[in-house]
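All ligand and atom numbering here is 1-based and tracks the order in the structure.
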Amino acid sequence: MKIDVLLGLQWGDEGKGKIVDVLTPRYDVITRFQGGPNAGHTLEFNNIKHILHNIPSGIFREDKLNIIANGVVLDPVIFKREIESLEEMGIDLTLNLWISKKAHLILPTHRILDAASEAAKGKSKIGSTLKGIGPTYMDKTGRNGLRVGDIDLNFREKYEALKTKHQHLLKQYDYKYNLDEEAKFFEAIEVIRKFTRVDTEYEIYRFLEEGKSILAEGAQGTLLDIDFGSYPFVTSSNTICAGACTGMGVAPTAIGEVYGIFKAYCTRVGSGPFPSELEDEDGEKLRNIGKEFGSTTGRPRRCGWLDLVALKYSLMLNGVTQLIMTKTDVLDTFDTIRVATAYSINGELTDHMPFELDAEVKPVFTEMQGWNTDLTEVRSKEQFPQELKDYITFLEKELKVPVKYVSVGPDREQIIEM
Ligand code: GDP
Ligand code: IMO
Ligand code: MG
């Protein structure tokens with residue numbers, strides 16, 4: 001068997017959580033391979049809305065194993081909160097959630113360093129979720145980090161040593177902080193002890209040998225990738241498909257389908273370039289109808305038209321084999337829909353992502369007719385209005401990858417297989 005990967009093709013929040021939940025019945029195991037609680041993945045069913053941060057989106061389906069693999073950075077405090085809110089819903093995850101011993105831990109001082117660094121950047125801040133993601137990955141690559149497996153071996157000592165390093169770093173910033181969260185952190189470590197902690201790379205390999213099916217759930221999106229995103233306005237991990245290999249310890253040859261998920265338009269939360277951004281009534285309309293407010297931070301998301309230059313770049317980097325389009329219903333009342341098909345840079349047209357996405361990069365739009373139809377009750381492609389069929393045909397022709405699912409609302413049921 002191979003591992004299928006589902007990942008975001010834009011700047012995050014494409015609806016990954018919903019789609020993983022929809023696809024989970026077809027798989028035995030769901031994994032997370034990068035990112036941490038900067039992610040906010042929303043699932044809706046039976047009038048319940050649930051947002052997951054550290055935990056894979058397979059947990060609402062019975063008898064599925066969920067794995068937090070080595071590439072993830074785990075915040076014990078947020079993890080404990082998530083576990084407790086699931087317990088309130090009657091879901092006990094101690095048996096079907098495993099954690100890699102090699103996943104790195106987010107300490108309270110990582111979060112403080114994140115906030116201090118952002119405050120020092122002033123206007124050029126990244127717009128981080130302030131969950132300590134950057135500082136934790138810095139400690140990982142700087143070879144200072146603490147891992148889940150460390151909680152069994154002189155943990156307090158290792159913790160104090162790293163905390164002291166962080167306190168030295170914090171002296172460089174004019175930033176007031178306290179360590180009130182420390183007690184909560186150690187309480188949360190006790191919660192982690194209740195879970196199976198293993199070398200998940202061996203377990204994943206064994207599952208593949210046994211013919212079990214695995215779905216890997218990406219976090220963030222391709223345009224936030226540390227190498228290929230709009231650097232420095234990116235997150236600190238590889239969000240692209242290659243990140244699934246290092247983030248789980250699997251060979252590239254073990255990857256099967258790559259589901260690329262995108263919104264029928266575009267959003268971005270936090271700072272950084274966004275060529276097709278709309279700062280007008282249409283942008284406001286997308287935000288209101290699409291309820292575009294961050295699942296993790298509540299910040300309003302910036303909205304714009306679909307950007308095919310960016311999308312083609314994402315397809316290339318990930319080797320996407322199937323496309324999933326979400327939030328299609330959000331465009332239901334637009335008379336005209338625009339799609340960026342090229343960039344004009346100082347008068348020259350290009351369909352490549354430039355090194356610097358600066359103010360000189362102007363999107364070139366193609367206009368299409370809107371469908372002016374309520375899609376939220378539509379359940380088969382035969383019911384699609386002609387204008388939507390045309391929109392999909394246009395995208396498939398441009399992107400050369402088939403659209404396999406179209407999502408028409410936040411609920412688990414609001415999905416059409418093409
Ligand atoms: P993720 O981070 O990729 O999992 O996405 P988020 O959960 O942060 O943001 C997606 C938002 O859109 C959530 O509020 C979802 O409930 C919602 N959503 C997902 N698919 C659809 C859709 O097809 N239509 C509408 N209207 N909302 C959707
Ligand atoms: P999901 O998985 C959207 C953005 C932040 C910021 C930048 C760096 O829900 O799609 P970080 O906290 O990682 O240092 O922030 O990345 N960002 C996201 N935007 N969805 C996410 O995750 C994001 N995770 C991080 O807003 O601009
Ligand atoms: Mg999200």
Side-chain angles (χ1 to χ4, degrees), residues 6-22 32 34-45 48-54 56-57 72-73 75 106 110-111 113-115 117-118 121 125-138 217-226 229-237 239 261-274 286 288-302 324-332 374-376 378 405-416:
L6 182 144
L7 41 78
L9 299 177
Q10 297 161 325
W11 280 286
D13 303 327
E14 297 89 349
K16 298 175 290 294
K18 170 191 165 161
I19 302 298
V20 169
D21 173 60
V22 167
R32 275 277 308 267
Q34 48 69 233
N38 47 350
H41 294 181
T42 315
L43 292 79
E44 283 194 40
F45 52 91
I48 298 172
K49 176 172 166 174
H50 208 90
I51 301 176
L52 297 165
H53 300 287
N54 269 306
S57 300
V72 171
V73 290
D75 185 325
I106 302 177
H110 282 129
R111 257 183 279 138
L113 279 165
D114 206 0
S117 153
E118 281 283 84
K121 283 187 170 139
K125 69 175 184 187
I126 308 294
S128 155
T129 59
L130 303 180
K131 302 292 175 200
I133 305 298
T136 307
Y137 278 116
M138 277 163 75
E217 171 182 5
Q220 290 78 57
T222 301
L223 305 174
L224 290 170
D225 181 89
I226 183 73
S230 45
Y231 194 88
F233 301 100
V234 294
T235 190
S236 298
S237 63
T239 59
I261 173 165
F262 68 102
K263 281 182 195 177
Y265 50 98
C266 245
T267 64
R268 171 163 207 169
V269 59
S271 332
F274 181 176
L286 285 171
N288 289 331
I289 300 178
K291 300 199 177 75
E292 295 294 358
F293 297 89
S295 314
T296 299
T297 57
R299 291 177 291 177
R301 294 177 183 147
R302 301 154 63 193
I324 300 170
M325 181 162 77
T326 60
K327 305 201 83 158
T328 317
D329 54 299
V330 175
L331 297 180
D332 281 356
D374 176 8
L375 293 178
T376 57
V378 168
Y405 294 90
V406 173
S407 174
V408 293
D411 194 274
R412 202 185 249 181
E413 305 294 328
Q414 290 173 303
I415 187 89
I416 293 120

Any atoms of ligand 1 less than 4.0 Å from a non-hydrogen atom of [X]? List them with their elements.
X: S407; value: 20 (N), 21 (C), 22 (C), 23 (O)
X: G17; value: 4 (O)
X: E44; value: 16 (O)
X: H41; value: 1 (P), 2 (O), 4 (O), 7 (O)

I'd like the name of whichever of [options] reaches closest to [atom] through any heavy atom.
atom: atom 5 (O) of ligand 1; options: S295, G15, G221; value: G15
atom: atom 21 (C) of ligand 1; options: G409, S57, G35; value: G409
atom: atom 20 (N) of ligand 2; options: I133, D13, L223, L7; value: D13
atom: atom 14 (O) of ligand 2; options: G270, S128, G15, S236; value: S128
atom: atom 26 (O) of ligand 2; options: K125, R301, R299, Q220; value: R299
atom: atom 17 (N) of ligand 2; options: N38, T235, L224, T239; value: L224
atom: atom 11 (C) of ligand 1; options: E217, H53, K327; value: K327

Just to check, does E14 reach to within less than 4.0 Å of ligand 1 when the distance is taken from its heavy atoms?
yes
Within-shell test, G40 vs ligand 1, heavy atom, strictly < 4.0 Å:
yes
Could you tell me whether [X] and ligand 1 have an N or O pair separated by under 3.5 Å?
X: K16; value: yes
X: T326; value: no
X: T42; value: yes

[X] versus [Y], closest heavy-atom pair with distance:
X: I19; Y: S407; result: CD1-CB, 4.4 Å
X: L7; Y: K16; result: C-CD, 4.4 Å
X: T239; Y: Q34; result: CG2-NE2, 3.6 Å
X: I126; Y: V234; result: CG2-O, 3.9 Å

Does the N or O separation between S271 and ligand 2 drop below 3.5 Å for any pair?
no
Any nitrogen or oxygen of L130 lying under 3.5 Å from a nitrogen or oxygen in ligand 2? Just yes or no.
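Such a contact does not occur with ligand 2.
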Select one of side chain, backbone, both or neither to describe which atoms of Q414 lie under 4.0 Å from any atom of ligand 1, heavy atoms only.
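It is neither; nothing of Q414 touches ligand 1.
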What do we get for D329 next to ligand 1 when only non-hydrogen atoms under 4.0 Å count, side chain, backbone, both or neither?
side chain
Is a side-chain N or O of [X] found less than 3.5 angstrom from the main chain of [Y], in a donor-acceptor match?
X: K18; Y: D411; result: yes
X: K263; Y: M325; result: no
X: D329; Y: L375; result: no
X: T326; Y: E14; result: yes
X: R32; Y: S57; result: no
X: T297; Y: T129; result: no

Side chains of [X] and [Y]: closer than 4.5 Å at any heavy-atom pair?
X: I324; Y: F262; value: no
X: W11; Y: S230; value: yes
X: L331; Y: L286; value: yes

Identify the residue among R268, R299, R301 that makes a side-chain hydrogen bond (donor to acceptor under 3.5 Å, both in side chains) with E292.
R301
From the list T235, D75, T296, side-chain hydrogen bond (donor to acceptor under 3.5 Å, both in side chains) with N38 holds only for T235
Protein N/O/S atoms under 2.8 Å of the Mg ion (ligand 3)?
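For the Mg ion (ligand 3), the protein N, O and S atoms that sit under 2.8 Å away are D13 OD1, G40 O.
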Taking [atom] as the reference point, the nearest protein heavy atom with its distance:
atom: atom 8 (C) of ligand 2; answer: V234 O, 3.4 Å
atom: atom 12 (O) of ligand 2; answer: T129 OG1, 2.5 Å
atom: atom 9 (O) of ligand 1; answer: R301 NH2, 3.6 Å
atom: atom 19 (C) of ligand 1; answer: K18 CD, 4.0 Å
atom: atom 10 (C) of ligand 1; answer: D13 O, 3.7 Å

With heavy-atom distances below 4.0 Å as the criterion, list the atoms of ligand 2 near [X].
X: A39; answer: 1 (P), 2 (O), 9 (O), 22 (O)
X: A219; answer: 2 (O)
X: K16; answer: 1 (P), 2 (O), 10 (O)
X: V269; answer: 3 (C), 5 (C), 19 (N), 26 (O), 27 (O)
X: G127; answer: 5 (C), 6 (C), 26 (O), 27 (O)

Between the side chains of Q414 and E44, is a donor N or O closer than 3.5 angstrom to an acceptor N or O?
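Result is no, nothing qualifies.
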Can S128 and D114 be counted as having a side-chain donor-acceptor contact under 3.5 angstrom?
yes
Residue part near ligand 2, for W11, under 4.0 Å between non-hydrogen atoms
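The answer is the backbone.
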Tell me the contacting part of K131 for ligand 2: side chain, backbone, both, or neither, using a 4.0 Å heavy-atom threshold, strictly below.
neither
Is the closest heavy-atom distance from G40 to ligand 2 below 4.0 Å?
yes
Quiz item: cation-pi between R412 and F45, 6.0 Å / 45°:
yes
